Amino acid sequence: MRVLTLAVCLMVAIGDARAAEPLAGTWRLERQELNGEKNNFDPLTLRISQSGDKLAFAFSVPINNVHYLSMSYSVRLDGPEGDVKNGQGEKLGAIRITKTGGGRYKFTLTGTNRPQTSGTLTVSPDGKHLTSESNGLIQVFARA
């Protein structure tokens, strides 16, 4: 009976476990280009955590060695859009992210008084870099 109970518990645990998305982790902005020209940029850290099928994105900037949240959102891949909020929790817009394969994702970002923006997020095959591309802006993050 104990073996059967252990087997059932193990099957439930395996069934509830979801493979971690390649996006999950801590990323630091390494370089940025706008319309093909390298740009100077302020330090930026992106933390992506996964809970079940939901991903939480938190962008922060370091000031005097303290990271301040500048923007965040939570979404389900291929699900409804999530609210994009600033560091004070005020809604700035909405985002929808769709997984298009492997380490590749498509996003659509909307906001009040802003044009809709679409782009891609791509995790390198070795998992060490994350590239965000949209409207001529390319940002490359390195896994921290």
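Predicted model, so just to flag it, every value in this text is computed and none were measured.
Linking ILVMFWY side-chain heavy atoms closer than 4.5 Å, directly or via other members, places L69 and L46 in two distinct hydrophobic clusters. One hydrophobic cluster, built from ILVMFWY side chains closer than 4.5 Å, cannot hold both V140 and V123; they sit in different ones. If you chain together hydrophobic residues whose side chains sit under 4.5 Å apart, L34 and L29 never meet in one group. Linking Ile, Leu, Val, Met, Phe, Trp and Tyr whenever their side-chain heavy atoms come within less than 4.5 Å puts W27 and L77 in one cluster. Side-chain heavy atoms closer than 4.5 Å link hydrophobic residues (I, L, V, M, F, W, Y) into clusters, and following such links, possibly through other members, connects I95 to M71.
By the neighbour-count criterion of 12 heavy atoms within 6.0 Å, atom CD of Q116 is densely surrounded, having more than that number from other residues, nucleotides or ligands. Within a 6.0 Å radius of NZ in K85, no more than 12 heavy atoms belonging to other residues, nucleotides or ligands are found.
Listed here is the closest heavy atom pair of A20 and Q50: CA-OE1, 3.2 Å. S74 approaches A56 most closely through the heavy-atom pair OG-CB, 3.6 Å. Minimum heavy-atom separation, A142 to E30: CB-OE2, 3.4 Å.
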- Passes side-chain contact (heavy atoms from CB on, under 4.5 Å), I97 versus F57? Steps please. CA-CA 11 Å; I97 300 179; F57 291 70; 3.7 Å; yes

- Is there a side-chain contact (heavy atoms from CB on, under 4.5 Å) between K99 and E21 once you walk through the steps? CA-CA 10 Å; K99 187 171 185 173; E21 285 296 327; 3.0 Å; yes

- Message: Set out, in order, the CA-CA distance, both residues' side-chain angles and the distance that settles side chain to side chain donor-acceptor pair (under 3.5 Å) for T108 and R96, then state yes or no.
- Response: CA-CA 5 Å; T108 304; R96 176 170 285 147; over 6 Å; no

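Within the structure, side chain to side chain donor-acceptor pair (under 3.5 Å) pairs that include any residue of residues 130-144 comprise Q32-Q139 (at least two apart or interchain).
No side-chain heavy atom of V61 sits less than 4.5 Å from a side-chain heavy atom of H67. The shortest distance between side-chain heavy atoms of L23 and L55 falls below 4.5 Å. Side-chain atoms of S60 and R47, non-hydrogen and from C-beta on, do get closer than 4.5 Å to each other.
Atom-to-atom distance recorded for T122:OG1 and K106:NZ is 12.5 Å, nearest 0.5 angstrom. Within the model, atoms OG1 of T120 and CZ of F107 stand 7.0 Å from one another, a figure rounded to the nearest 0.5 Å. Taking CD from E33 and CZ from R31, the interatomic distance works out to 6.5 Å, rounded to the nearest 0.5 Å. Expressed to the nearest 0.5 Å, how far CG of L121 lies from OG1 of T98 amounts to 11.0 Å.
Of the possible donor and acceptor atoms, none in the side chain of N64 sits under 3.5 Å from a partner among the backbone N and O of V66.
Relative ring orientation between F59 and Y73 is described as tilted, the plane-to-plane angle lying within the 30° to 60° band.
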